[in-house]
Colleague: 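Here it is, the structure in full.
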There are 2 protein chains.
Amino acid sequence: MMLLFPQRKNSSTRDYIYETLKKNIILLHLKPGQVITENEIAELFCVSRTPVREAFVRLVQEGLLETYPQKGTTVSLIDLERVDEARFMRRTLEKAVLQMACNNFPQELFFELRSNLALQELCIQEKNFIKLFELDEDFHRLIYRGCRKERIWELISQINADFRRIRVLKLSLGIGVGEVVKQHHRIAELIFSKDVTNVDKVIEEHLPQNDPDFENLQKLYSQYFK
Amino acid sequence: MMLLFPQRKNSSTRDYIYETLKKNIILLHLKPGQVITENEIAELFCVSRTPVREAFVRLVQEGLLETYPQKGTTVSLIDLERVDEARFMRRTLEKAVLQMACNNFPQELFFELRSNLALQELCIQEKNFIKLFELDEDFHRLIYRGCRKERIWELISQINADFRRIRVLKLSLGIGVGEVVKQHHRIAELIFSKDVTNVDKVIEEHLPQNDPDFENLQKLYSQYFK
DNA sequence: AAAAGCATATTAGTATGGTAGTATACAAAC
DNA sequence: GTTTGTATACTACCATACTAATATGCTTTT
């Protein structure tokens, strides 16, 4: 069911609920299509409905929840169109960002990249695919950070919830995990060796226009999809 | 001060307030740095604080408002860093989108593009620069729509509020309006003639990495900037 | 005159209650 | 057995009230 995390100091109830719900939606603990109500969440967190409402407002804005007035609220279904859009944005932006990274990347972050990759390998061995997902995102965030574009990464992650969710689903089944990490190594190698000539090719492989696995997932888990 | 618009049928109070505030912030009727409170907006719209709060939650999430607990809320200042990020995103994505448009763009939308350009010219003559701003955005939206990427346009517009605001400020002063419309003509011409070879060049001119006008605006209107 | 303390006002965050729209269950009519 | 009408339950939207944190103004002390 739902995972709970300790509330950070100085965070409002609203923010805490928002972050907790969001994490649970992305990690598929709250399933696409699942009905949740302000009342049940308020009871779960032992608070009034107000901060729950306000958290819901944010999650609706991000496309993670869908509210039906007077009827109820559901976790939004994964929409393959949105997944395609997210992939287009990521592919386009990451070609540009990786090119910048190959041209100029702070040495101080090399170690973090390498550490991240080592932990990714470890996650494969330990079959901890949720942790792998988080490291995957940290990997990309590091690259954006090295190019002074970290906020862009945060922004596109925020609007790409469906893409993130389908990737969690895919990873949780262990599909393609080895290949993903290999591609991360290739990306990092381009940065280390300042090789701009292969940027497009590597990104196209990492974020292809079509991913047959996604279509298969839609068939296997049709109740999760729009 | 603030412009009010008729409320659309079937829209909730919350949505109406959100849209109205947002529009007034983007068009600079609500000035960067200006203090607004839940109470004063609630009084203005003759409603309780609750839908105002919920609208504020969304606007805070989009970076248009900044809330200081127990102290108050201000319209956010324009942050040139965010402007740069927005420009990077737009430049990167629009090279890709314009390339797609040159390869394949629906004939049905040609007329809309041409109409839009004609109206832009009219706005220059009539010095209606706010309308020009809207047409400018419609122009780009049309291109994204022709490439089946309209939602991406909506998403990046949502997160690029600072860039939009500084453009409103610039246009409202009549700066560079003729050049902007010329560039739109060039962009459209690339689409009509399916000329992919000049895409990067035209977009780089339209969304350059640096815009000296923005730095000057920061000097002239320093109270609007972070 | 300047600093410290206290009272009051202001504002956002949260709790509780009322209303409107919808769904469901049950009874009555056909 | 099926359809229609009514009552009740459920849920989000909005209103009102309470609480906590902060700012401001005034008074007292140094």
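Sequence lines set the chain letters: A, B, ... in the order given, protein chains first and strands last, and positions in each chain run from 1.
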Colleague: Does any non-hydrogen side-chain atom of B:Lys226 lie less than 4.5 Å from one of B:Ile78?
Modeller: no

Colleague: Taking side-chain hydrogen bond (donor to acceptor under 3.5 Å, both in side chains) as the test, write out the residues that go with B:Glu150, two or more places apart.
Modeller: B:Arg145

Colleague: Does B:Phe111, at its CZ atom, have more than 12 non-hydrogen atoms belonging to other residues, nucleotides or ligands within less than 6.0 Å?
Modeller: no

Colleague: Would you say the side chain of B:Met2 lies within less than 4.5 Å of the side chain of B:Leu44, judging by non-hydrogen atoms?
Modeller: yes

Colleague: Between A:Trp153 and A:Lys149, is any pair of side-chain heavy atoms under 4.5 Å apart?
Modeller: no

Colleague: Taking the cut-offs as 6.0 angstrom to the six-membered ring centre and 45 degrees off its axis, would you call A:Lys31 and A:Tyr224 a cation-pi pair?
Modeller: no

Colleague: Can you give one letter per nucleotide of nucleotides 16-24 of chain D, 5' to 3': B if a protein heavy atom sits under 4.0 Å from the base, S if only from the sugar-phosphate, - if neither?
Modeller: BB--BBSS-

Colleague: Round to a whole Å and report the spacing from CZ of B:Phe45 to P of D:dC14.
Modeller: 13 Å

Colleague: State whether the side chain of A:Ser222 and the backbone N or O of A:Gln218 hold a donor-acceptor pair below 3.5 Å, judged by distance alone.
Modeller: no

Colleague: Return the residues of residues 29-39 of chain A meeting this criterion: a heavy atom under 4.0 Å from some atom of DNA chain C. Order them by number, or give none.
Modeller: none

Colleague: Between A:Tyr68 (OH) and D:dA12 (C1'), how many Å, whole number?
Modeller: 14 Å

Colleague: Can you check whether B:Arg14 reaches A:Val57 side chain to side chain, under 4.5 Å on heavy atoms?
Modeller: yes

Colleague: Tell me, which of residues 55-65 of chain B have any heavy atom that sits under 4.0 Å from an atom in DNA chain D?
Modeller: none

Colleague: Angle class for the A:His206/A:His140 ring planes (parallel below 30°, perpendicular above 60°, tilted otherwise)?
Modeller: parallel

Colleague: Under a 4.0 Å threshold between the charged nitrogen and the carboxylate oxygen, would B:Glu81 count as salt-bridged to A:Arg148?
Modeller: no

Colleague: Could you check whether A:Glu54 gets within reach of a base, just the sugar-phosphate, or nothing at all, counting any heavy atom under 4.0 Å?
Modeller: base

Colleague: Can you check the A:Glu40 CD to D:dT11 P distance for me, whole Å?
Modeller: 8 Å

Colleague: Please list every donor-acceptor pair under 3.5 Å in which a side-chain atom of residues 126-136 of chain B meets a protein atom from a residue at least two apart or in another chain.
Modeller:
residue  : atom : partner  : partner atom : Å
B:Asn128 : OD1  : B:Lys131 : N            : 3.1
B:Asp136 : OD1  : B:Arg167 : NH2          : 3.2
B:Asp136 : OD2  : B:Arg167 : NH2          : 2.3

Colleague: Does the separation of the ring centres of A:Phe45 and A:Tyr16 fall below 6.0 angstrom?
Modeller: yes

Colleague: Rounded to whole angstroms, how far apart are CZ on B:Arg53 and P on D:dC14?
Modeller: 14 Å

Colleague: Salt-bridged, A:Arg58 to B:Glu62, with N to O below 4.0 Å?
Modeller: no

Colleague: Taking heavy atoms of chain B and a 4.0 Å limit, find me the 5'-most and 3'-most nucleotide of DNA chain C within that range.
Modeller: C:dT11 to C:dT14

